[in-house]
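This report refers to the structure that appears directly beneath it.
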Amino acid sequence: MNCSEARQQLSDALAHAAEPGDVRDLEAHLADCDGCRGMAVDLYRQDRLLLEELAAPRLPKLARRIHARLDDLRPKRGGLRWAALLALAASLLLAVAAWMVFGPRKSHHETVALADAQGEVVVLDASGQRQPAGAELTPGQIVRTSGESSSAAIRFADSTRFTLGADTSLELVSQAKAAGKSLLLMAGTLAAEVAAQPADRPVVISTPHAEVIVRGTRFRLVTSADSTHVDVQEGSVEFRSKSSRQAVEVRAGGQATAAQGLELRVIRDNAQIAANAGVRAAFFLPNDPHVRVVSQMQAADGATITHMGDRTATRLATPATHLIRAAAVSPDGKVLASGGIDAVVHLWDPGTGEHRGELRGHEAAIRAVAFSPDRKTLASSDDRGIVRLWDVAEQKQLGSLGQVTVSSAGAPAFSPDGRLLAVANPNARETVRLFDVATMQPTRIIGDFDKDGRRIRRATCVAFAPDGKTLALGVAHLGSSPDGSAIVPEGVRRGVDLYDLDLGSRKTLFETRNEVWAVTYSPDGAMLAVACNNLFNLWSVPAGHLLAQLEESGTFTAAAFSGDGRRVAGVDTSRTTLALWEMAD
Amino acid sequence: MENRSEDELLAAAQEGDQEAFEAALQPHLGMLLAYSRAICGDFHAAEDVVQETALVAFRRLNRLFPEVDFATWLRGIAKRQAFAARRRITKLKPLLDEALELAYADEKPASDREKEALANCLARLAERVGRIVNQHYREGMALAEVASELNMSVGAVKVAMHRARMQLKDCMQHFLERGEGS
């Protein structure tokens, strides 16, 4: 299948009119053709716009349908309907059947009692409806405490006891003797005293970030939107990070957290950033602890740099056609470059917003910009995969590296000595290509093939470690078909690899299902910030410990460290959102 | 007209206020329908998916954490519903699915400028091609139905639809970059 046929098949697939065989061929073509993958995203965007615009007349009827269905769910007053009678009959039958199966044994559930409720404590069912706060809890029920002085306890028959602190939500998932006790701590603080449990049926407490597996101990668990922290007083627990799937044993006196030594703030405030704006980049200037955000508003409203300390906004006098897609600040903080859909790179004073010049030569929308460490050279890549180098002082083009990258790849990356430029995912055969900046010729190709010479990973982004010896690579694994006949990207796995440039060896830092958009080293090279779809996290490298993680829906596309490395910001371009971690003192 | 913010509506909805939930859901219905239709392939299945998504979302509102974006959360539910519906009929298409996800990762609704560009560019399509696009996207007709309606072969309709997509893409890009259509 060539690209022209692939585009036709893509169009058929969008209309759900492609033959299954053609879809398989199309998938195989997409696995090898980065350009067509970019085209697929563009056509799906167009499909979305067409659907949202042309199918809009269907929405009022759909809204009425939903309204009617939600109404049906409401408990009805008055006489029972047929459906309710049938449901009652069915549940009676089930109850009889359950009694016949389980009845002869005494009980397969432990009694769970709600006790010591202080302040506002409510019990909700799975649909969020308030339940009468009876003494006994059943699976699926949620106990929620609200207010500063609120607390409650739930007690199991074996004297296991969980005490909920203020503003805590805890769901009783299971209390079955056969399965073990299972709870979901959605938010808040939990103090636990767990009696000895059967070895094969530990208590499992899940939080949004971690699982704690307990066989008998005393500990305290705190979970918030950002992290989960466990503090063990007696015995030991198994603490398992949900994202990294790494498990540690935490013994008495020990603690573990998903945000070790870090304080996380999520700034999601239109007033603070800029109303109706999309965040495009974040950067720090030397000697200023506060992050600045480059955001793009609607064309006529232009773009701004917002100082997140004093919240002042500096307007950039962008031409109406210059909708910013990518921005980067030079390492010395003197120049800000913005790349727009108008194929132009503009240069600005990042402090005052003063226009410093423009770089023209691209023929397609700019996808990424990057400064060399000495700020003399700028690299830019566009939607056609062309990478160009520019002399920043002279504001002229040094040359083009040709079509070497693809639309889905992240920013090109300079080596710390400024002599090399790494470009991710140059084509179907290569993972990364390194160029000599002086000669603009390729000096090294990093491939990654199976025994039959097929590429098994593609790169999505690349960064040099400050020592220049390691490349951090965002990667997506391309699966192989069972009979080895073709590359079939079933179950794409993604993640970050660390590639040793001296040894030519790689090690996996972590794996995720989310696309990795950016990898950024801290100035001292001891940490790596990773921006992914729905995930922004921070790793110690090369040890590979997860230091902190924010897991939420969104598109994190860039990260920036402050000069002292004590702060790191993650940019979520899907919303007006900035995640900011600060090292605790 | 609802004056409360989404956060306020969701807070009320979490207390069981169905009207508040419907008001919070309303701005996202178009996106959800488009997304579900892209996965399922027809509006009937997509409308079922969106309805089921609304029910599941209302039941699980207590699991919507304050820092999670409502639209993205809804899409996650719709995705599970739509894929469950689709898996019965077709196999997974990982790279096409990836493209779909990227296309919907941008939560911002289409700008007025994009809508204007689309309307402008749709108007520039040849009359017959415009009818094909309209019948497929507005009326929800499968390409085979469009072919029979317009007395064309299915192959010819597929080719015309493909050309329409390419023409729209170029036209919109030109419109947005230069401020006018080509």
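In what follows, chains carry the letters A, B, and so on, assigned in the order in which the sequence lines appear, proteins first and then strands, with residues in each chain numbered from 1. These figures come from a predicted structure and were not determined experimentally.
- Residues B:Asn120 and B:Glu116 bring no donor and acceptor atom of their side chains to less than 3.5 Å of each other.
- Residues B:Glu6 and B:His28 bring a donor and an acceptor atom of their side chains to less than 3.5 Å of each other.
- The residue among A:Lys61, A:His67, A:Arg58 with the most heavy atom pairs within less than 4.5 Å of chain B is A:Arg58.
- Interface remark: B:Glu139 contributes backbone atoms only to the contact with chain A (heavy atom separation under 4.5 Å).
- A disulfide bridge does not connect A:Cys3 to A:Cys36: their SG atoms sit 2.5 Å or farther from one another.
- A:Arg65 and B:Asp48 are joined by a salt bridge, as a carboxylate oxygen and a charged side-chain nitrogen come within less than 4.0 angstrom of each other.
- Using a 4.5 Å cut-off between heavy atoms, A:Glu53 touches chain B through its side chain atoms alone.
- Here the straight-line distance linking atom CG of B:Leu74 with atom CE of B:Met31 works out to 6.0 Å at 0.5 Å rounding.
- The parts of A:Asp47 that come within reach of chain B are both its backbone and its side chain, each placing non-hydrogen atoms under 4.5 angstrom from that chain.
- For chain B, the nearby parts of A:Leu14 are the backbone and the side chain; heavy atoms of each come within less than 4.5 Å.
- Contacts between B:Leu29 and chain A at a heavy-atom distance below 4.5 Å involve backbone atoms as well as side-chain atoms.
- Atom CG of B:Leu32 sits about 9.0 Å away from atom CG of A:Leu62, to the nearest 0.5 Å.
- Using a 4.5 Å cut-off between heavy atoms, A:Ala17 contacts chain B through both its backbone and its side chain.
- Both the backbone and the side chain of A:Leu50 come within less than 4.5 Å of a heavy atom in chain B.
- The distance from atom CD of B:Gln14 to atom CG of B:Leu61, rounded to the nearest 0.5 Å, is 5.5 Å.
- When heavy atoms are compared at a cutoff of 4.5 Å, B:Leu168 approaches chain A by way of both its backbone and its side chain.
- Using a 4.5 Å cut-off between heavy atoms, B:Phe21 contacts chain A through its side chain alone, with no backbone atom that close.
- Between A:Arg24 and A:Glu27, no side-chain nitrogen of the basic residue sits less than 4.0 Å from a carboxylate oxygen of the acidic one, so the salt-bridge criterion is not met.
- Contact count against chain B (heavy-atom pairs under 4.5 Å) is highest for A:Leu49 among A:Leu49, A:Asp342, A:Leu26.
- Both the backbone and the side chain of A:Arg7 come within contact range of chain B, judged by heavy atoms closer than 4.5 Å.
- Heavy-atom distances place the side chain of B:Glu22, and not its backbone, under 4.5 Å from chain A.
- Proximity to chain A is absent for every atom of B:Val56, based on heavy atoms less than 4.5 angstrom apart.
- Distance check: B:Arg113 CZ to A:Leu323 CG gives 9.0 Å after rounding to the nearest 0.5 Å.
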